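Naming convention: chains lettered A, B, ... in sequence-line order (proteins, then strands); numbering from 1 in each chain. In this text, all values refer to a predicted model and were calculated from it rather than measured experimentally.
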Protein chains: 2
Amino acid sequence: MNNTLSIVGTTQDLSYNIAAVERDTGLSKDTLRVWERRYGFPKPLRDRHDERLYSLPQLEKLRLLRLLIDYGHRPGKIINRSVSELTQLISSRSPAQTPPPEIDAIIELLLRHDVENFRNALLQALMKQGLLRFVTETVTTLNHWIGEAWLTGRVAIFDEHLYSEHIQNILRNAIIAQPGRGSVPRVLLTSLPGEKHRIGLLMVEAVLTAEGAACVALGTETPVIDIKNAVPAYAVDVVALSFSSAVTQSAALAGLTELRGLLAEGVEIWGGGGALARARKAPEGILLLRSFEDMRYALERWRVEHVRR
Amino acid sequence: MNNTLSIVGTTQDLSYNIAAVERDTGLSKDTLRVWERRYGFPKPLRDRHDERLYSLPQLEKLRLLRLLIDYGHRPGKIINRSVSELTQLISSRSPAQTPPPEIDAIIELLLRHDVENFRNALLQALMKQGLLRFVTETVTTLNHWIGEAWLTGRVAIFDEHLYSEHIQNILRNAIIAQPGRGSVPRVLLTSLPGEKHRIGLLMVEAVLTAEGAACVALGTETPVIDIKNAVPAYAVDVVALSFSSAVTQSAALAGLTELRGLLAEGVEIWGGGGALARARKAPEGILLLRSFEDMRYALERWRVEHVRR
DNA sequence: ATTGTTCATTTGTCGTGGACAAGATCGAGT
DNA sequence: ACTCGATCTTGTCCACGACAAATGAACAAT
């Protein structure tokens, strides 16, 4: 079972065993070992039983590498560069643009760790704009720029955690405020195992609920089989899946196709999110939503096609 | 990278490669291979390149096994029983006790997949009892009995997902409703990597906020180093960590001790949750909270010890 | 009766290297 | 500009040996 919390460590400078590194970097054990074999990095110390002990600097460099690889760099080209070269690569990649001032003001509060005012700024934006605009404009751009700031190291991991929690609070608060009795269509909302990003899912739920659909939200990481079983149980008309850009496009399409094979014909499948934003054509029987605009249109279309007699 | 969603499959009856099985069962590839070697199950077909291809029945039996093992059965004893024997084991596991009627009524709605009324029943309970009693009584017992019903197979995985989402909606809604300006102490709230249960964390946040503390919630799975860095950034007085019964007690204690070594003396560490409920004695410099009562007492004590001049 | 200790067994994770599929890159040809 | 195939790169899979960590049983001590 993969529920170890263990971190090997002496009091002062700690070392991480290979499982801890896999957790903290997202690089599989196989990958870590094969990198060591091929490129000579990371070359961890060994404990008394010849098991790998990674140091904190190694772990930090691995995180940098992961980031750059996600961004399109090839491992072999960058793995033996120094940490400073890598950070330079990251910052040089960042676009010259700056976020719009109202977004920047909010990010500024996050950077100052001013929890109360950060929360209030978000709430005020929501009040001022209404749920739909708040989600489709403010939250979308906030996500983008905070991701950007994280890449360049301006925003720490815990800041991003905090941001995610607060957005969740606000979105869930907005969702629960909606009535949503007997609405159509009934939409099952979730992501496949491996996809952990909750915010995209909540944004969709907020918009759909606001547009009068009935959402059955299952959170993240529902195995395909369980989705298949949930569809008849909750009598849903549509299954909507979210894929953040942390997953590859091909993986997302494969998951969608897999699900299509398992579900009844009448049930629609919608897929959206960063991983699919640039997808060319949809697999048979699947609707790709490249924007919130697309989604509202899809909703409209469903309703026209399923008019009550 | 472990973000493959790929599933190998022909249109009709699909087979799953070892990565897909790892995802859907939570059993690591190493475990799957060593079970095959030792016990002869699961013995998957091989593709043209000698790679394992698991069938759907195998996958389903693996999920049953996982369930029983989580409950305390030993793999070696049950792995070669038939599926019907295993399901029998699960249903015979059902405890003599039954949940109190008001809890049972709510669970019944979940079993009927009656989303709207389920939501309303939860909201009504909250209104009737107030936040504190709702969390410490209703949610606590609901968690317990739904976990129980899941073990006996009465509640499906997707039902539990749905339950978790709704509880989150409600708790976060309650949290955001509180003012919380300039309160003390400032409490950082999170869990360590590997601990994914969010509900316990949210329950604590709800209670603490209601009691007038200022919570800085980082969600689940924050690496120790990031906690260490967050403490000065957010100027917190207390770090509170939650450990569900999915982790072992020793792992929880190790994590707490590890953290203690990294944080400044003045910062308190509180640990709570299922894994620690039966812990004997706390490590040096750590406060174990075995109940919500304990937590309110700890809060009281902190305030007395840090009286404003 | 509960708690601590010791010892044997079970079980999951780690190690090694070899192999190869799937992806990425690049050049040639339409 | 674009497919197409050849070529390199990279992650995942395999086998199987070893052993640490978890569990259970047996027993002593409080």
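One interatomic measurement links the two molecules: CD1 of A:Ile69 to P of C:dG23, which rounds to 17 Å at whole-angstrom precision. Atom OH in B:Tyr16 sits about 16 Å away from atom P in D:dC13, given to the nearest Å. Put simply, CD on B:Glu36 is 11 Å from C1' on D:dA15, counting in whole angstrom units. The distance from atom NE2 of B:His73 to atom C1' of D:dG24 is 15 Å, rounded to the nearest whole Å. Protein atom CG of B:Leu32 is 15 Å distant from nucleotide atom C1' of D:dT12, rounded to whole Å. Rounded to whole Å, atom P of C:dA19 lies 18 Å from atom CG of B:Asp47. In this structure, B:Leu65 atom CG and C:dT11 atom P are separated by 12 Å, rounded to whole Å. Here the C1' atom of nucleotide D:dA21 and the CD atom of A:Glu51 are 11 Å apart, to the nearest Å.
No option in B:Thr220, B:Val224, B:Asp226 other than B:Asp226 meets the side-chain contact (heavy atoms from CB on, under 4.5 Å) test with B:Thr222.
Using a 3.5 Å distance cut-off with no hydrogens or angles, the side chains of B:Glu22 and B:Ser28 do not pair a donor with an acceptor. Between the side chains of B:Tyr54 and B:Asn17, not a single donor N or O lies within less than 3.5 Å of an accepting N or O.
In this structure, B:Glu258 CD and B:Leu263 CG are separated by 10.0 Å, a value rounded to the nearest 0.5 Å.
The shortest distance between the side-chain N/O atoms of A:His49 and the OP1/OP2 oxygens of D:dC19 is not below 4.0 Å. OP1 or OP2 of C:dC14 has at least one side-chain nitrogen or oxygen of A:Lys29 nearer than 4.0 Å. Close to C:dG17, at under 4.0 Å from its OP1 or OP2, lies no side-chain N or O of A:Arg37. Between B:Ser28 and C:dG12 there is no side-chain polar atom (N or O) within less than 4.0 angstrom of OP1 or OP2. Residue A:Thr31 places at least one side-chain N or O under 4.0 Å from the OP1 or OP2 atom of D:dT12. At least one side-chain nitrogen or oxygen of B:Tyr39 sits closer than 4.0 Å to the OP1 or OP2 atom of C:dT11. Taking side-chain N and O atoms only, A:Arg33 has a distance below 4.0 Å to OP1 or OP2 of C:dG15.
Over its full length, the helix from C:dA1-D:dT30 to C:dA28-D:dT3 turns its helical axis through 50°, comparing axes from the five pairs at each end and rounding to 10°.
At distances below 3.5 Å, not a single donor-acceptor pair connects side-chain atoms of A:Ser164 with backbone N or O atoms of A:Glu160. Of the possible polar contacts, one joining the B:Asp159 side chain to the B:Ala156 backbone as a donor-acceptor pair under 3.5 Å is found.
By the 4.0 Å N-to-carboxylate-O rule, B:Arg23 lies too far from A:Glu221 to be salt-bridged with it.
Partners of A:Phe158 by ring pair (Phe, Tyr, Trp, His ring centres under 6.0 Å), not counting sequence neighbours, listed by chain and number: B:Tyr234.
Taking 3.5 Å as the limit, the base of C:dG12 and the side chain of B:Arg38 contain a donor-acceptor pair of atoms between them.
Mapping A:Pro75 and B:Arg52 onto DNA chain D by nearest heavy atom places A:Pro75 closer to the 5' end of the strand. For the pair A:Ile18 and A:Gly72, both in contact range of DNA chain C, the more 5′-proximal nearest nucleotide belongs to A:Ile18.
Contact annotation for B:Asp30: base contact, defined as any heavy-atom pair under 4.0 Å involving a base atom. Looking at heavy-atom distances under 4.0 Å, B:Arg48 makes no contact with the nucleic acid at all.
Side-chain atoms of B:Arg74 lie closest to C:dT10 of the nucleotides C:dT13, C:dT10, D:dC14.
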